[in-house]
Trainee: 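Have a look at the structure that comes next, please.
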Amino acid sequence: MAYRDTTLQGISPVDAGRKVRLAGWVAGVRDHGGMVFFNLRDRYGVVQVTAGSQPPGIMEAARQLKPEYVVSVLGEIRPRPAGLANPGMPLGSVEIAAEEIEILNPSAPLPFVLAEGEEVSPAMRMKYRYLDMRRPAVRDALLLRSKTAMEARNFLASKGFVEVETPMLTRSTPEGARDFLVPSRVHPNTCYALPQSPQLFKQLLMIGGFDRYFQIVKCFRDEDQRADRQPEFTQIDVEMSFVVADDVMAVAEELALQLLSKIAGATLPSPLMRMKFSDAMNMYGSDKPDLRFGLEIADATACAAGCGFKAFASAAAEGGVVRGLRVPGAAGWSRKQISEVEDAAKKAGLPGLAVFKAEASGLASSIAKHFERSSLESIARALSAGPGDLLLLAAGRKKTVSKGLGEVRLKIGRDSGLAKPGDFKMFWIVDPPLLEYNEEEKRLDAVHHPFTMPRPEDVPLLDTNPEAVRAQAYDLVLNGHEVAGGSIRIHRQDLQEKVFGLIAIDKATAREKFGFLLEALTFGAPPHGGIAFGFDRFVAMLLGTDNITGVIAFPKTTRAFCPLTGAPGPVSDRQMEDLGIAWRDASRKGEMPVDGNE
RNA sequence: GGGGUCGUAGCUCAAUUGGUUAGAGUAUCGGACUGUCGAUCCGAGGGUUGCGGGUUCGAGCCCCGUCGACCCCGCCA
């Protein structure tokens, strides 16, 4: 006997009278003494099963059922009696009149209730993820992810891209994130590293002649976690030969737009806007601004000299800036709202916020008396203030002020509901700098990665003013999140060595760590470039959430711990011996992260 | 590495200023009930207040440490 002959996808109200055998989970039993109801749930839906006086014994069988028992039910699909349909259920107009109920497996009481709307702590949901995913919200997120991956794969295949797998056991390379390491047994005192991305392999594939490659691939970075960062995550990785930036961007843009349209039903205007990196930093204080709302940053430095207010005047005199946000119609904000914004500014690293209310008679503020009247007028003009607006200004170093105001902007925009669910604002950030100065390390770092091609007209600047060199790189930004990023790569050995030199990777190190790439570049490497989508982030965006754990089947906590499996866990002495390694602090051997609530 | 919020019954939460025996909903167990669908009604059991220390006549509450969860900064080419 088969467990089932159809699923809840395979039945509909027009099937009334048909006898079916269904299998699934019991979701709630309602025992009325002379009549028993329960819901049967499978991957596709929920249907009500009834057990009454006929056939004999069926009611007693139904009475044995408890939540999450696995059952196989034989019964007839019947329309529900008049007035008893459940409009909240897709199959609410029918029910299954049970004739046979077989318990395939009972279930212990669950550690938490699966009902919709019941909040359960994230750690609990992770520990029992296999139960959590029985809930429609989690199930639907994973289904959406699968559908998105399928669409992406079909799209890229249709464009002639070849899917190639690259190694998970590779070698550690300097720069970038911390590697996850895998000690080698066969080669004592060496480690593989898990790939932070397939970057070098996809470049080698281009050199190997696969002019269009893609892969939906796991990447690993051992850095501290965030809501949108997991230690292992998935990229849609793409690389193309004989292309310029526009070619790569065109493919990526079409893919992103198609996914948004097919999966989220959102049609965005095409082609997407392109914003210069420097403009983004100036206007929004961010390299990934959320454009679902305006609130651009305006400059008022010119009004600051001689304005009378010391913090402003000295900032201007010392080469700093005075910049501000105009919040339309926010002059009526409460003391509390303003103080929340001031707190956010402090957290964002701003020394303080000068707050003005724009009134018909001019700018009003507790600090207005420190300003020359004409300065207040020019500040109002600089920020295009109109009556009813709230002005928030900060003074100091340009980078600090812009970044700080950018964060304040984000808080105001998101808190005041300017970013609406279902609203998608996607665009490109282009022309970022190739290099930036790393204060801590006292040297230059690659902004994107060290294989990024400078803009040809900027190449001479590598010798004179490297920080002014712009990269042929591009980021795709969706609702304030970087969902994809890529670049044209360096395909000439001499230029690659030069860039390594600038970011303080000396020739010997470069030869040792990247020798295989440098050598490959000498054997007829075609011009090439590519892009990688942060797949988890993108799916999360399609779903309208910021947290990627919701779209990952088995996510880890913010401390990279898996409450389900207990990973990372201790290993045996024997395993350590095989690998020829020992823990530096043997007293902590076998220490395992534990749930502090237990 | 740093900042913030939090940790009380299986789960989600409450507990006035530090004051008697730590409560509620839900889940679990037992009973009633023929149209429920978050069933309802009656009853029962269920607690080392994350862990360790301190202050106090007295600590769920205050202090110190520690473990853990989440959010953020640093970090994440």
Side-chain angles (χ1 to χ4, degrees), chain A residues 27-39 46-53 59 66-68 80-89 91-92 95 108-128 131 173-179 196-197 199-200 219-231 233 343-344 346-349 403-404 407 410-411 432 434-436 438-440 444-452 471 473 482 485 487 499-500 503 505 532 534 546-547 549 556-559 561 563 591-598:
Chain A
V29 184
R30 299 177 290 280
D31 181 353
H32 284 255
M35 182 93 180
V36 178
F37 304 90
F38 65 92
N39 287 345
V46 181
V47 74
Q48 171 164 280
V49 181
T50 62
S53 49
M59 196 164 61
K66 289 175 186 170
E68 302 307 315
R80 292 207 197 177
L84 293 172
N86 183 347
M89 275 167 80
L91 288 173
E95 58 196 11
L110 263 44
F112 54 85
V113 187
L114 295 187
E116 282 292 302
E118 194 73 21
E119 287 288 322
V120 182
S121 71
M124 184 61 71
R125 294 177 54 192
M126 283 182 208
K127 182 167 181 180
Y128 297 101
L131 299 179
T173 52
E175 299 306 300
R178 222 172 269 117
D179 285 319
Q196 296 177 26
S197 81
Q199 180 60 37
L200 295 172
C219 304
F220 307 85
R221 292 177 191 175
D222 187 5
E223 296 292 346
D224 289 347
Q225 309 309 312
R226 287 283 192 288
D228 63 354
R229 282 182 356 215
Q230 283 270 305
F233 60 99
D343 285 350
K346 215 158 269 173
K347 272 177 79 176
K403 250 190 109 178
E407 285 181 42
L410 203 56
K411 179 180 166 54
L434 184 73
L435 305 160
E436 70 182 344
N438 182 330
E439 300 280 355
E440 245 170 70
L444 291 168
D445 261 346
V447 170
H448 185 58
H449 59 51
F451 318 108
T452 302
E482 183 196 322
S487 64
V499 171
F500 279 152
I503 58 175
I505 299 181
D546 286 340
N547 196 310
T549 57
K556 292 184 174 59
T557 69
T558 50
R559 294 192 66 246
F561 177 64
E591 224 171 77
M592 210 163 100
V594 289
D595 186 340
N597 291 325
E598 285 175 1

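Per chain, numbering begins at 1; letters A, B, ... match sequence-line order.
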Trainee: Measuring only the P atom in each nucleotide, how far is B/G25 from B/C42? A whole number of Å is fine.
Mentor: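 Approximately 11 Å lies between the P atom of B/G25 and that of B/C42.
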
Trainee: Pick the P atom in B/U66 and in B/G30, then give their distance to the nearest Å.
Mentor: 47 Å

Trainee: Could you tell me the separation between the CD atom of A/E119 and the P atom of B/C11, rounded to a whole number of Å?
Mentor: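 Rounded to the whole Å, the gap is 15 Å.
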
Trainee: Do A/R229 and B/C75 have a side chain to base donor-acceptor pair shorter than 3.5 Å?
Mentor: yes

Trainee: When you get a sec, tell me which of B/C76, B/C11, B/C70 is the closest nucleotide to the side chain of A/R221?
Mentor: B/C76

Trainee: Remember a base hit wins even if backbone is also touched, and classify A/Q225 as base, sugar-phosphate or nothing at under 4.0 Å, heavy atoms.
Mentor: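 Here A/Q225 touches no strand at all.
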
Trainee: Expressed as a whole number of Å, how far does the C1' atom of B/G38 sit from that of B/C57?
Mentor: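 Pairwise C1' distance, B/G38 against B/C57, rounds to 48 Å.
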
Trainee: Which nucleotide in the set B/U12, B/C37, B/A69 lies at the smallest distance from any side-chain heavy atom of A/A123?
Mentor: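 Of B/U12, B/C37, B/A69, B/A69 is nearest to the side chain of A/A123.
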
Trainee: Between A/R30 and A/N39, does the side-chain contact (heavy atoms from CB on, under 4.5 Å) criterion hold? Intermediate values first, please.
Mentor: CA-CA 9 Å; A/R30 299 177 290 280; A/N39 287 345; 3.1 Å; yes

Trainee: Which part of the nucleic acid does A/V447 contact within heavy-atom distance under 4.0 Å: base, sugar-phosphate only, or nothing?
Mentor: sugar-phosphate

Trainee: Just how far, in rounded Å, is P of B/C11 from CG of A/L131?
Mentor: 13 Å

Trainee: Checking A/E68 now: which residues fulfil salt bridge (charged side-chain N to carboxylate O under 4.0 Å, His left out) with it, not counting sequence neighbours?
Mentor: A/R41, A/R134

Trainee: Counting only Watson-Crick or G-U wobble pairs whose two distances fall under 3.5 Å, which nucleotide matches B/A24?
Mentor: B/U12

Trainee: Using the P atoms only, state how far B/G4 lies from B/U49, rounded to an integer number of Å.
Mentor: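 My reading of the P atoms in B/U49 and B/G4 gives 27 Å.
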
Trainee: Just checking A/T173: base, sugar-phosphate only, or nothing, at a heavy-atom cut-off of under 4.0 Å?
Mentor: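 Nothing, no heavy atom under 4.0 Å.
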
Trainee: If you measure from CD on A/Q196 to CG on A/D222, what distance do you get to the nearest 0.5 Å?
Mentor: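 So the gap between those two atoms works out to 9.5 Å.
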
Trainee: When you compare B/C62 with B/U8, how far apart are their P atoms, in angstrom units rounded to a whole number?
Mentor: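 It works out to 15 Å between them.
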
Trainee: Pairing donors with acceptors under 3.5 angstrom, does anything connect the side chains of A/R80 and A/N86?
Mentor: no

Trainee: Within less than 4.0 Å of OP1 or OP2 of B/C70, is there a side-chain N or O belonging to A/T558?
Mentor: yes

Trainee: Could a donor-acceptor pair under 3.5 angstrom be found where the side chain of A/E95 meets the base of B/G35?
Mentor: yes

Trainee: May I ask you to check whether A/Q230 and A/R221 show a side-chain donor-acceptor distance below 3.5 Å?
Mentor: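 The criterion, which ignores hydrogens and geometry beyond distance, is not satisfied for A/R221 and A/Q230.
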
Trainee: When you measure from the side chain of A/A227, which nucleotide among B/C71, B/U12, B/G35 comes out closest?
Mentor: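 Between B/C71, B/U12, B/G35, the one nearest the side chain of A/A227 would be B/C71.
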
Trainee: With a 4.0 Å cut-off on heavy atoms, is A/M59 in touch with a base, just the backbone sugar-phosphate, or nothing at all?
Mentor: nothing

Trainee: Please identify each residue that fulfils side chain to side chain contact (heavy atoms under 4.5 Å, CB included) with A/V29, with sequence neighbours left out.
Mentor: A/V26, A/V36, A/F38, A/L65

Trainee: Could you check how far CG of A/D224 sits from P of B/C71, rounded to whole Å?
Mentor: 13 Å

Trainee: Could you tell me the separation between the CG atom of A/D228 and the OG1 atom of A/T549, rounded to the nearest 0.5 Å?
Mentor: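 Going from the CG atom of A/D228 to the OG1 atom of A/T549 covers 10.5 Å.
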
Trainee: Closer to the 5' end of RNA chain B via nearest nucleotide, is it A/V120 or A/M89?
Mentor: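 The answer here is A/V120.
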
Trainee: Please list, chain by chain and in numerical order, all residues satisfying salt bridge (charged side-chain N to carboxylate O under 4.0 Å, His left out) with A/R125, sequence neighbours excluded.
Mentor: A/D132

Trainee: So, is A/R226 near the phosphate of B/C73, with a side-chain N or O under 4.0 Å from OP1 or OP2?
Mentor: yes

Trainee: What is the distance, to the nearest angstrom, from the CG atom on A/L114 to the C1' atom on B/G38?
Mentor: 13 Å

Trainee: What nitrogen or oxygen pairs link the protein and nucleotides 41-44 of chain B at under 3.5 Å?
Mentor:
none

Trainee: Find the partner of B/C37: check Watson-Crick (N1-N3 plus N6-O4 or O6-N4) and G-U wobble (N1-O2, O6-N3) distances, both under 3.5 Å, and reply none if neither fits.
Mentor: none

Trainee: Establish, with yes or no, whether the OP1 or OP2 oxygen of B/U36 is under 4.0 angstrom from a side-chain nitrogen or oxygen of A/N39.
Mentor: no

Trainee: Identify the nucleotide, in any strand shown, that forms a Watson-Crick or G-U wobble pair with B/A69, with both distances under 3.5 Å; if there is none, say none.
Mentor: B/U5

Trainee: For A/V29 and for A/D228, locate the closest nucleotide of RNA chain B by heavy-atom distance; then report the residue assigned to the nucleotide nearer the 5' terminus.
Mentor: A/V29

Trainee: Any side-chain N or O of A/R178 under 4.0 Å from OP1/OP2 of B/C76?
Mentor: no

Trainee: Suppose you measure atom C1' in B/G74 against the same atom in B/A59; what distance do you get, rounded to whole Å?
Mentor: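 Here B/G74 and B/A59 have their C1' atoms 37 Å from each other.
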
Trainee: With rounding to the nearest 0.5 angstrom, report the CZ to CD distance, A/R229 to A/E223.
Mentor: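 A/R229 CZ to A/E223 CD: 7.5 Å, rounded to 0.5 Å.
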
Trainee: For nucleotides 25-34 of chain B, give me one character per nucleotide, 5' to 3': B if any protein heavy atom sits under 4.0 Å from the base, S if the only such contacts are to the sugar-phosphate, - if neither.
Mentor: -S-SS---BB

Trainee: Roughly how many Å apart are B/G45 and B/A27, using the C1' atom of each and rounding to a whole number?
Mentor: 13 Å

Trainee: Heavy atoms under 4.0 Å, any strand shown: does A/D343 hit a base, just sugar-phosphate, or nothing?
Mentor: nothing

Trainee: What nucleotide, of B/C37, B/C76, B/C70, holds the atom closest to the side chain of A/E223?
Mentor: B/C76

Trainee: Could you give the distance separating B/U16 and B/U28 at their P atoms, to the nearest angstrom?
Mentor: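 Result for the P pair: 31 Å, nearest Å.
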
Trainee: Checking all strands, does A/K403 fall into the base, sugar-phosphate, or nothing category for heavy-atom contacts under 4.0 angstrom?
Mentor: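 Counting heavy atoms under 4.0 Å across all strands, the contact made by A/K403 is with sugar-phosphate only.
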
Trainee: Under 5.5 Å between ring centres and under 30° between planes: true for A/F37 and the base of B/U36?
Mentor: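 The ring of A/F37 is stacked on B/U36.
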
Trainee: Is the shortest side-chain N/O distance from A/T557 to OP1 or OP2 of B/A69 below 4.0 Å?
Mentor: yes

Trainee: For A/K403, which residues count as a salt bridge (charged side-chain N to carboxylate O under 4.0 Å, His left out) partner, sequence neighbours excluded?
Mentor: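 Counting only residues at least two positions away or on another chain, A/K403 forms no salt bridge (charged side-chain N to carboxylate O under 4.0 Å, His left out).
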
Trainee: Between atom CD in A/Q48 and atom P in B/A39, what is the gap in whole Å?
Mentor: 11 Å

Trainee: Atom CD1 in A/I503, atom CD in A/E436: separation rounded to 0.5 Å?
Mentor: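 Going from CD1 on A/I503 over to CD on A/E436, the span is 11.5 Å.
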
Trainee: Is the phosphate of B/G10, meaning OP1 or OP2, less than 4.0 Å from a side-chain N or O of A/K127?
Mentor: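 Answer is no, no contact under 4.0 Å.
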
Trainee: Rounded to the nearest Å, what distance is computed from the CG atom of residue A/D546 to the P atom of nucleotide B/C71?
Mentor: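 Nearest whole value for this atom pair: 10 Å.
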
Trainee: As an exercise, state the distance from NE2 of A/H449 to CG of A/L434, rounded to the nearest 0.5 Å.
Mentor: 10.5 Å

Trainee: Roughly how far, to the nearest 0.5 Å, is the CZ atom of A/F220 from the CG atom of A/D179?
Mentor: 11.5 Å

Trainee: Rounding to an integer number of Å, can you tell me how far A/K347 NZ sits from B/U5 C1'?
Mentor: 10 Å

